[in-house]
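Have a look at the structure below, then the notes.
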Amino acid sequence: MDRLDHLEHLDKHLVDELAQVARETVRDELREQTRRQRRRATLYAASGAVALYAGAALALALGLGLAAGLPDWAAALITAVILGAAAYALRGAARPSASRPAPDEAGLTATHGHTAEGAMPYPPMPPAPPGSAVPGVGTPDVRGSRNPHPDDIGPEQPHHRA
């Protein structure tokens, strides 16, 4: 019996050691992934800052080009109007309005309820339950068939809700 107790102690020790190695391995892997993601985020931020300065330089060049033939204030005003129009167009392209739903919601919104500010109040429903033969909805009209009425289902019969 003493011999089995000794083996049990070894098993417990082995399990503890394996758990420690697994924790260290996971910790090292997470550290490496975090380092890579931090580097990628830094590069994206630097890219955004450089793009901002490039846009400012482009706006300055546009303004100076216009200032060659116009008064300085008119060139600055025209440059501001052009940048404002570009910002408005980009904003309009980025978020769909209630009058113009997004392409993936266009068919669903028209047939399944009204939305407030482009958000669906509930998940979209298909026009017919799966496997049902509703005339005019993607299935041929079968003469003599009709959808069951709730009163036709007996209390002992199994019934499923779609």
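Any value given below was found using the heavy atoms of this structure, including those in side chains, with hydrogens, waters and symmetry copies removed. Numbers here simply count residues along the sequence, with the first being 1. Predicted model only: the values in this text are computed from it and were never measured.
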| message | With a 4.0 Å cut-off on N to O distance, would you call Arg35 and Glu32 a salt bridge? | response |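 Result for this pair is yes, salt bridge flagged.
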Mind checking the [atom1]-[atom2] spacing from [X] to [Y]? Nearest 0.5 Å is all I need.
X: Leu18; Y: His13; atom1: CG; atom2: NE2; result: 10.0 Å
X: Gln37; Y: Leu30; atom1: CD; atom2: CG; result: 9.5 Å
X: Thr34; Y: Arg39; atom1: OG1; atom2: CZ; result: 15.0 Å
X: Lys12; Y: Glu17; atom1: NZ; atom2: CD; result: 13.0 Å

Closest approach of Gly63 to Thr79 (non-hydrogen atoms, all atoms of both residues) |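 Gly63 and Thr79 have their closest heavy atoms at CA-OG1, 3.3 Å.
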Do you know the tightest heavy-atom contact between Ala75 and Ala67?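 Where Ala75 meets Ala67 most closely, the heavy atoms are CB-N, 3.5 Å.
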message = Could you check whether atom CZ of Arg36 has more than 12 heavy atoms from other residues, nucleotides or ligands sitting under 6.0 Å from it?
response = yes
If you measure only the distance, is there a donor-acceptor pair under 3.5 Å linking the side chains of Glu24 and Gln20?
yes
Exercise. Between Ile82 and Leu70, is there a shared hydrophobic cluster once you connect ILVMFWY residues whose side-chain heavy atoms come closer than 4.5 Å?
Worked result: yes
If Ile, Leu, Val, Met, Phe, Trp and Tyr residues are connected whenever their side-chain heavy atoms lie under 4.5 Å apart, and connections chain through other members, are Ile78 and Leu62 in the same group?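 Cluster IDs for Ile78 and Leu62 match.
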